[in-house]
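Reading through the structure tokens given below for one structure.
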Amino acid sequence: MAATSIRYAATTAAPWTGSTGLGIAPARIILCLIAFRWLAGIADNLGARGASEDAAITMLGVLAFLFLTRMRLARDAVWLVAGLLAWLFAATMSALATPMPRPLEAAALLTLLSLYALTAEATLAHLRSPRGLAAIRVFLTGFLLVGAALSVWQVTQGAGFVDPGKPGVIRAFGSDVHPVSFALQALAAMLALEVIRVKTGRAFNGLHATLLACGALALYLTYARTAWVMALLIAAVLAWRRSGGLQRLALIAVALPAGIGALSLSDRFADLASLPTFWHNFSFAETVFDYRYIDNSVSWRIVNWSYGLQQALERPLLGFGPGQSAYASQFSLEMHNILLEALFEGGILGLAAVSMVLLALLGLHRNLPAATPADRHARALANGFGAALLLAVLFSTSLVDQLMTVVLYLLLLASASTPSITETARRTLTWLPPSGSPGCSRRRPPDPTQTHP
């Protein structure tokens, strides 16, 4: 079957009629698998240990079977999938060449990278259609409603996440295991719902407002400043896109300082006030640090980066092994920087592979449709999230061990790369000749599964 592209995606999703003869559309199968993994994660949090891992393995097996029997590779997703496979190859080479303290962590990462590649292929090849958008919308509705309910329950019942040294702050983690991960997922889900709304021409009604409010409540209850800053950056991107010359000057002179000021007034950012003192007493050339000045997560990460880079250069070719940064690093911490983590665990090969993945994602964002106002609005939302996520994985979190975060990001990309309904309808109907024109009966519609020139 021919590959599809973002600009010429199929207008309808043909039902899957593979070897089982079920006649089920691929979009429904893919979203059912994603929902299964999501629900398994909730069950895992409630005491069913190992449920999320079992669901991920099941998801991997089903997606592999579907790809081998019926699925196709979208043309514009080739470099992303190739980059993920290159990352998998580099991780495998590192695992074979390096003695590791936690071999099970290496196996888990190899499995996860395989699942990333198959999920990227599935979402970008089969969810970019009106039927795919409808299926995504149903899943995202449930995700936000359940996630908000779980967040409220976790905070009110004292069952949330508590940071060391801050016993008075209870943070919601929703349907994930960590507040930051769930906050990124909630933000991506909110943006994807808005993208689907404008793509399908729906009005901004009470249900949509309720879903966004649930997402915003869950986002607030996580106390995840990474996601809060990302939301502010996305809002700034949208405001910049919608404004003119004088308005942009006003944004720079007034809105930006006001936003930074609002964040600085929050208790969640109060500990960062010591960063100037830390910088005054810090140098990357040092190998010993005065830990009196390291009293917040940002300063800890900077010191961890310094030590991590020095360790990574000790094994520059293949690194310390996949999934080992949290155990082989100086402070037994993850690197909180995707490039340094790739270098630390996979050496130069791993760094090259991860760079390829990031460049492929950049290419997907650059090629998002912009034919209609709805397309341009969706493009701005997706590109804002992509830019904010890039900053997050460089300074705060990681794409490793973030299955549901990556899944929600891919759903956002699939939604934003689907042409708006008006544009889709125009492409579907352009083959029709004027009524009564000669040769009307001899003309046929183009095959929607074929790539247009």
Hey, what do you get for [atom1] ([X]) to [atom2] ([Y]), rounding to the nearest 0.5 Å?
| X | Y | atom1 | atom2 | answer |
| --- | --- | --- | --- | --- |
| Leu127 | Ser129 | CG | OG | 7.0 Å |
| Leu191 | Leu212 | CG | CG | 9.0 Å |
| Leu233 | Leu390 | CG | CG | 11.5 Å |
| Thr141 | Leu211 | OG1 | CG | 5.0 Å |
| Ser325 | Leu109 | OG | CG | 9.5 Å |
| Leu187 | Thr405 | CG | OG1 | 10.5 Å |

[X] vs [Y] aromatic rings, parallel, tilted or perpendicular, using cut-offs 30° and 60°?
| X | Y | result |
| --- | --- | --- |
| Phe139 | Trp38 | perpendicular |
| Phe344 | Phe320 | parallel |
| His365 | Tyr409 | parallel |

Would you say the side chain of [Y] lies within less than 4.5 Å of the side chain of [X], judging by non-hydrogen atoms?
| X | Y | result |
| --- | --- | --- |
| Leu219 | Trp228 | yes |
| Leu339 | Ser355 | yes |
| Asn45 | Phe173 | yes |
| Leu340 | Leu351 | no |
| Val354 | Leu343 | no |
| Val237 | Asn383 | no |

Side chain to side chain contact (heavy atoms under 4.5 Å, CB included) for Ile170 and Gln154? Distances and angles first, verdict last.
CA-CA 8 Å; Ile170 300 176; Gln154 289 159 1; 5.9 Å; no

Donor-acceptor contact below 3.5 Å, side chain [X] vs main chain [Y]:
| X | Y | answer |
| --- | --- | --- |
| Trp87 | Gly350 | no |
| Arg128 | Leu124 | yes |
| Asp375 | Pro369 | no |
| Lys199 | Ala374 | no |
| Gln185 | Met404 | no |
| Arg171 | Pro179 | no |
| Gln311 | Leu309 | no |
| Thr418 | Ala414 | yes |
| Thr119 | Tyr116 | no |
| Asn337 | Ser396 | no |

What do the steps show when you test His178 against Phe161 for ring pair (Phe, Tyr, Trp, His ring centres under 6.0 Å), and what is the final call?
CA-CA 7 Å; His178 194 277; Phe161 185 89; 4.9 Å; yes

Could you go through the side chain to side chain contact (heavy atoms under 4.5 Å, CB included) check for Leu33 and Leu63 one step at a time?
CA-CA 9 Å; Leu33 289 171; Leu63 288 178; 3.7 Å; yes

List the atom of [X], the atom of [Y], and the distance in Å for their closest heavy-atom pair.
| X | Y | answer |
| --- | --- | --- |
| Met230 | Ala392 | SD-CB, 3.8 Å |
| Leu238 | Ala380 | CD2-CB, 3.7 Å |
| Gly215 | Ala186 | O-CB, 4.4 Å |
| Asp76 | Leu364 | O-CD2, 3.3 Å |
| Ser175 | Ile42 | CB-CG1, 3.6 Å |
| Glu341 | His336 | OE1-N, 4.3 Å |

Can you confirm whether the side chains of Glu345 and Ser94 place a donor and an acceptor under 3.5 Å from each other?
no

Hey, is Arg37 close enough to Asp44 for a salt bridge, meaning N to O under 4.0 Å?
no

Output, in order, the C-alpha distance, side-chain angles, deciding distance and verdict of salt bridge (charged side-chain N to carboxylate O under 4.0 Å, His left out) for Arg49 and Asp54.
CA-CA 10 Å; Arg49 298 301 178 190; Asp54 294 340; over 6 Å; no

Set out, in order, the CA-CA distance, both residues' side-chain angles and the distance that settles side chain to side chain contact (heavy atoms under 4.5 Å, CB included) for Ser151 and Leu217, then state yes or no.
CA-CA 8 Å; Ser151 298; Leu217 175 62; over 6 Å; no

Can you tell me if Met356 has over 12 outside heavy atoms packed within less than 6.0 Å of its CE?
yes

From Leu412, Leu408, Leu31, residue fulfilling side chain to side chain contact (heavy atoms under 4.5 Å, CB included) relative to Leu140:
Leu408

I would like to know whether Thr222 and Val180 meet side chain to side chain contact (heavy atoms under 4.5 Å, CB included); could you show each step before the answer?
CA-CA 7 Å; Thr222 62; Val180 174; over 6 Å; no

